[in-house]
Amino acid sequence: MRTILTGLALVGLALCSAVASTVTSAAGAAGPSPELIAYGKALAEAGDCAGCHTADPAKPFAGGKRIDTPFGAIYAPNLTPDRDTGIGGWTDADFTRALRTGIAPDGSNYYPAFPYPYFTRMTKDDTLAIRAYLATLAPVTSRNKPPELRWPFGYRGLMRLWNTMYFKPGLFEPDQTKSAAWNRGGYLVTGLGHCGACHTPKNYFGADRDAQALSGNEIGGWFAPRLDGAARTGLKSWSETDITEYLQSGRNAKSHAGGPMAEVVVNSTSKMSDADVRAIATYLKSLPPARRETIVTPPDAAEMKAGQAVYAKLCIACHEADGTGAPRIYPPLPGNALLQSINPSSTLRIILDGAHTVTTPRAPNTGEMPAYAKQLSDAEIAAVTNYIRNSWGNAGPLVTPAQVAKARKREANGE
């Protein structure tokens, strides 16, 4: 049986680029085939390339989108085949080197906001399939904007040192003891899909804390939750079917996608093949907890009573007295992993700003939660947050009014 699984794993990874390698060999004379272009488009969607490289929906992949980092802002470049301001003048080698090593055609270094530390795991054939697809786009003249980084991070030469310390180039290595689906999921999660770019904690210099891979990270005022097997705040209670449904539709019986993840679902995972989404689920369900869950001290009785009063007044109509809500319409609160996360940023953003249920072909019905930023004080929001994070068997660290005030300020500043 192990021999069979080993063979399937290798065959599964080979299929990731079989179409690309077959057609690329003949592309010099005939140009990319429709099959290669379609494959490249699917890869670009799996990597959510448009999510970062599209500022104006009328000009897809033309760049200009602002990406905020802890070190300042970076603007995504133009990926259309315009020869002067895009990648129309690049060679195949230029494109592959950029994706897999973070080095531009002129020899300068990209910043890791461009996730080359993940793309390095991609096969050459897959990078060229993406390039073949991008070459079919309408050329758009859109000059790249320079970064707006704090001193001294604007000196690109520093990236050589960063790469020496933190960048580990190399292809994804299949585990021959695992199934083809597991290896395909690993290739997508750790490579093309660059899930850790959001979901893995970072050190002071913005590099992944590899020992805590996929154990949650704050990004853009939201908290990208744990994707490992943590019991309370991770995916231990989710089945592979739960994960697949969430990625395909933006919701399941346990949670709804919000914030940046809602965009990922709409632009990327909802467009992926069933096999690829199931492969991601297979891989994620195999991950053990990367770090311990926080031991939680429950809020005192007065805080819980204050929170319950707010909940009874504003929340109970949709989420019910027992928090069960209406799965796939109003997310259930008991056992909700994101709600119990050590970092409450996402919960606070939803309460302050409201939420709109993402719509996808598999789940077109809409739903929304009103914003309470103007209706509730910082103390009231803290109280109701503590109540829902610590009722019905939940356990979440105490949220203070000061944290709410900080979240409110960040929202007001557009962060």
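The figures here come from the full heavy-atom set of this structure, side chains too, leaving out hydrogens, waters and symmetry mates.
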If you compare all heavy atoms of [X] against all heavy atoms of [Y], which two are closest, and at what distance to 0.1 Å?
X	Y	value
Phe61	Leu137	CD1-CD1, 3.5 Å
Ala290	Ala213	CB-O, 3.6 Å
Trp182	Ser286	NE1-OG, 2.8 Å
Phe95	Ile87	CE1-CD1, 3.9 Å

Would you call [X] and [Y] a side-chain contact if the rule is heavy atoms closer than 4.5 Å?
X	Y	answer
Leu284	Trp238	no
Trp90	Arg131	yes
Leu227	Leu235	yes
His199	Ile219	no
Ile351	Val404	no
Leu314	Gln375	yes
Glu148	Tyr75	yes
Pro361	Lys271	no

Would you say the side-chain atoms of [X] pair up with the backbone N or O of [Y], donor to acceptor, closer than 3.5 Å?
X	Y	result
Trp162	Phe205	yes
Tyr110	Ala98	no
Thr85	Ser142	yes
Arg226	Pro289	no
Glu263	Pro260	no
Thr233	Gln340	no
Asn386	Val399	yes
Glu218	Asn343	no
Ser268	Glu45	yes
Asn336	Leu333	no

Supply the atom-to-atom distance [X] [atom1] to [Y] [atom2], rounded to the nearest 0.5 angstrom.
X	Y	atom1	atom2	answer
Ile280	Leu188	CD1	CG	5.0 Å
Leu352	Lys374	CG	NZ	12.5 Å
Thr360	Gln248	OG1	CD	9.0 Å
Ile350	His256	CD1	NE2	10.5 Å
Met261	Ser255	CE	OG	10.0 Å
Leu348	Lys406	CG	NZ	11.0 Å

Within a radius of less than 6.0 Å around [atom1] of [X], do more than 12 heavy atoms belonging to other residues, nucleotides or ligands occur?
X	atom1	value
Lys236	NZ	no
Arg156	CZ	yes
Ile342	CD1	no
Arg160	CZ	no
Tyr111	OH	yes

Problem set entry | side chain to side chain contact (heavy atoms under 4.5 Å, CB included) between Lys41 and Thr136, worked out | CA-CA 10 Å; Lys41 179 182 179 183; Thr136 68; over 6 Å; no
Exercise. So Arg408 and Ile381, side chain to side chain contact (heavy atoms under 4.5 Å, CB included) or not? Walk me through it.
Worked result: CA-CA 11 Å; Arg408 194 190 294 271; Ile381 291 177; 3.7 Å; yes
Exercise. Would you call the rings of Tyr187 and Phe172 parallel, tilted or perpendicular, where under 30° means parallel and over 60° means perpendicular?
Worked result: perpendicular
Exercise. Do the ring planes of Tyr311 and Tyr387 sit parallel (below 30°), tilted (30 to 60°) or perpendicular (above 60°)?
Worked result: tilted
For this session: Identify whether the distance between the nearest side-chain nitrogen and carboxylate oxygen of Glu245 and Arg362 falls below 4.0 Å.
Result: no
For this session: Determine, stepwise, if the pair Arg251 / Ile329 fulfils side chain to side chain contact (heavy atoms under 4.5 Å, CB included).
Result: CA-CA 8 Å; Arg251 66 190 83 166; Ile329 301 175; 5.9 Å; no
Looking only at side chains, do [X] and [Y] share a donor and an acceptor under 3.5 Å apart?
X	Y	answer
Thr80	Asn78	yes
Asp228	Gln212	no
Thr385	Thr347	no
Ser391	Asn394	no
Thr177	Asp175	yes

Exercise. Taking it one step at a time, do Lys202 and Asp208 satisfy side chain to side chain contact (heavy atoms under 4.5 Å, CB included)?
Worked result: CA-CA 5 Å; Lys202 306 295 184 277; Asp208 284 355; 3.0 Å; yes
Exercise. So, for Phe167 and Tyr116, is the gap between ring centers shorter than 6.0 Å?
Worked result: yes
